[in-house]
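Here the structure comes first, spelled out in structure tokens, and everything after it is commentary.
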Amino acid sequence: MTADVVKLPTGFGRLWTAQTISSLGDGVTYAALPLLALTLTRDPMALAVVTAAGTLPWLLFGVLGGALVDRWDRRRVMWVADTARAALLAIPAAATVLDVLSIGLLAAVAFLLGLGGLFFDTAATAYLPDLLRRDPALLERANSRLRGAQTAMSGFAGPPAGSALLALGRAVPLLGDAVSFLLSALLVRTLPAVPRPVPEAHESLLRQARAGASYVFRDRVLLGLALRPAVGNVAFLAVETVLALFARDRLGVHTYGFGLLLTAEATGGLLGAGIASRLGRRLGTGTALTCTATVEGLAVLGLACAPDPYVAGVALAVCGAGMGATMVLAPSLRQAIVPAHLMGRVAATSRMLAMCAAPVGAFLGGWLATACDIRTPLYAAAVLLLAMTAVTASMTSNRRVEAALRAAAPAGGPERPASEVPALESATDLL
């Protein structure tokens with residue numbers, strides 16, 4: 001029976017619906033939160049605090065959160081995390097009504113929302129293989145659908161909706177996101193139960209985590225794949241921190257237009273994901289990754305030089321295309337060359353590096369905008385991306401990629417060239 005004949009279980013439909021609704025709310029908040037902060041201050045460093053706060057939980061509690069999820073019921077972790085985030089959003093909504101909202105409160109809310117997201121995302125990633133009986137074909141189809149829905153909702157529908165809702169009132173987008181979390185929690189509670197994971201008794205979690213991290217740092221291909229999102233997050237968070245201020249002060253874009261700029265980036269992301277496999281077949285995975293990274297750097301440079309919102313929108317779309325292709329090619333290559341028993345730890349190590357780099361980028365963007373000019377963080381981000389591309393090009397060259405694929409191929413099994421790495425991505429690897 002082919003993978004196309006096998007149907008995804010009914011429980012996946014509910015999980016997909018829950019995450020789709022939640023992603024819509026995330027997109028609303030993604031656009032509304034920086035705009036809401038702009039109603040309180042125009043200090044770039046203050047904006048950086050709000051942006052960085054949402055990423056700090058991965059830096060402080062990433063490993064601990066993963067260890068706890070491995071001991072708790074994953075379905076319960078998901079619905080409790082969503083319920084808690086819904087209740088949390090009621091606090092800044094009430095503060096706006098009472099006119100007591102502050103940057104400090106927004107930063108605290110962003111931090112706690114990030115903590116809830118850490119638990120939900122980790123639990124969802126661990127729950128899905130159990131739900132689908134670890135069938136590789138079903139997992140590929142499921143993750144493809146989840147990624148598509150997340151991009152469509154958080155990238156396309158959410159940002160314009162967040163900008164529009166903010167025009168109706170400062171509390172409205174926050175309440176909208178709270179409703180999405182509640183609906184998601186209700187759906188997750190109806191998911192079928194899966195066996196609770198049994199902790200390994202013979203080796204500490206710290207030792208296991210260290211083994212996974214050392215595996216990444218010893219392998220040049222894996223290290224190159226991990227450095228791209230890590231350095232990329234420094235660059236992209238530097239841009240994101242000042243993007244709303246840059247759009248308003250330099251491009252003359254206000255509330256609704258800012259949401260459209262974010263939508264342009266998401267549009268490019270979908271296009272990039274769609275052509276990723278073709279790029280890999282034509283150029284080889286290693287060369288394709290170098291090309292997409294170069295495109296990202298040049299696109300950010302174009303954004304920095306943009307004289308109007310139309311050029312900026314094109315630059316963001318091109319950057320999104322590079323990112324979308326990278327987020328298909330890199331995780332798929334990692335899946336092909338990492339032993340199954342190390343896959344979770346290797347993926348977690350790579351994501352941790354990326355998330356820990358994000359606060360650095362946020363504060364770098366705020367500092368450069370304060371000390372120099374609002375365009376300076378964008379120029380610095382472009383330089384970082386292009387420098388990272390030059391450093392990692394040889395680490396993930398076609399020659400190294402093909403050697404890694406040969407080493408990972410089963411004894412007596414067919415060897416796969418770099419151009420035939422599967423192009424579907426796992427939810428575990430979406431950085």
Side-chain angles (χ1 to χ4, degrees), residues 216-236 238-239 265 268-304 314-338 346-347 349-351 353-354 357 361 378-408 415-425 429-431:
V216 172
F217 285 101
R218 288 198 308 266
D219 188 290
R220 289 187 65 81
V221 173
L222 290 176
L223 182 58
L225 294 177
L227 285 176
R228 290 176 189 269
V231 177
N233 265 5
V234 174
F236 292 128
V239 173
E265 183 178 3
L270 281 180
L271 293 174
I275 66 171
S277 297
R278 188 176 304 172
L279 284 175
R281 289 193 300 269
R282 184 175 295 272
L283 304 176
T285 300
T287 301
L289 282 168
T290 299
C291 289
T292 57
T294 303
V295 165
E296 293 171 19
L298 294 176
V300 172
L301 182 61
L303 176 64
V314 171
L316 283 170
V318 173
C319 183
M323 294 171 65
T326 299
M327 291 175 68
V328 171
L329 292 169
S332 298
L333 173 58
R334 187 183 298 117
Q335 289 175 329
I337 65 177
V338 174
V346 168
T349 299
S350 299
R351 186 168 186 182
L353 288 173
L378 280 64
Y379 286 117
V383 170
L384 276 175
L385 289 171
L386 294 173
M388 174 269 296
T389 302
V391 170
T392 60
S394 64
M395 301 173 72
T396 56
S397 65
N398 279 346
R399 180 179 60 82
R400 287 187 182 276
V401 168
E402 289 166 1
L405 288 169
R406 286 194 296 271
E415 296 178 358
R416 290 180 297 171
S419 60
E420 296 181 5
V421 177
L424 289 175
E425 59 187 342
D429 298 305
L430 295 177
L431 304 176

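Only a predicted model underlies this, so the values are computations on that prediction, with no experimental measurement involved. These numbers come from the heavy atoms of this one structure, side chains and all, not from hydrogens, waters or symmetry mates.
The only member of Thr290, Thr285, Thr287 that meets side-chain hydrogen bond (donor to acceptor under 3.5 Å, both in side chains) when paired with Asn398 is Thr287.
Looking at every heavy atom in both residues, Val221 comes nearest to Ala404 through CG2-CB, 4.4 Å. Here the closest heavy-atom approach between residue Ala235 and residue Ala381 is recorded as O-CB, 3.4 Å. Scanning both residues, Gly232 and Leu385, for their nearest heavy atoms gives CA-CD2, 3.9 Å.
Partners of Ala382 under the side-chain contact (heavy atoms from CB on, under 4.5 Å) rule, at least two apart in sequence or in another chain, are Val300, Leu301. In this view, Ala304 and Leu378, Tyr379 satisfy the side-chain contact (heavy atoms from CB on, under 4.5 Å) rule, not counting sequence neighbours. For Val318, the side-chain contact (heavy atoms from CB on, under 4.5 Å) partners at least two apart in sequence or on another chain are Val295, Ala299, Val314. Applying the side chain to side chain donor-acceptor pair (under 3.5 Å) criterion to Ser397, with sequence neighbours excluded, gives no partner residue. Taking Thr326 as the reference, Thr292, Glu296 meet the side chain to side chain donor-acceptor pair (under 3.5 Å) condition, with sequence neighbours excluded. When the side-chain contact (heavy atoms from CB on, under 4.5 Å) test is applied to Ala315, the partners found at least two apart in sequence or on another chain are Leu303.
Although no hydrogens or angles enter the test, the distance criterion places no donor-acceptor pair under 3.5 Å between the side chain of Asn233 and the main chain of Ala357.
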Evaluate the criterion side chain to side chain donor-acceptor pair (under 3.5 Å) for residue pair Arg228 and Thr396; output intermediate values, then yes/no. CA-CA 10 Å; Arg228 290 176 189 269; Thr396 56; 2.7 Å; yes
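Side-chain contact between Cys291 and Leu283: present, with at least one pair of heavy atoms (C-beta onward) separated by less than 4.5 Å. You'll find the side chain of Phe217 reaches within 4.5 Å of the side chain of Leu353, heavy atoms only.
Separating the CE atom in Met395 from the CG atom in Asp219 is a distance of 9.0 Å, to the nearest 0.5 Å. Distance check: Arg220 CZ to Arg400 CZ gives 4.5 Å after rounding to the nearest 0.5 Å. Rounded to the nearest 0.5 Å, atoms CG (Leu271) and CD1 (Ile275) are 7.5 Å apart. Annotation: the span from Leu289 atom CG to Thr392 atom OG1 amounts to 8.5 Å, rounded to 0.5 Å.
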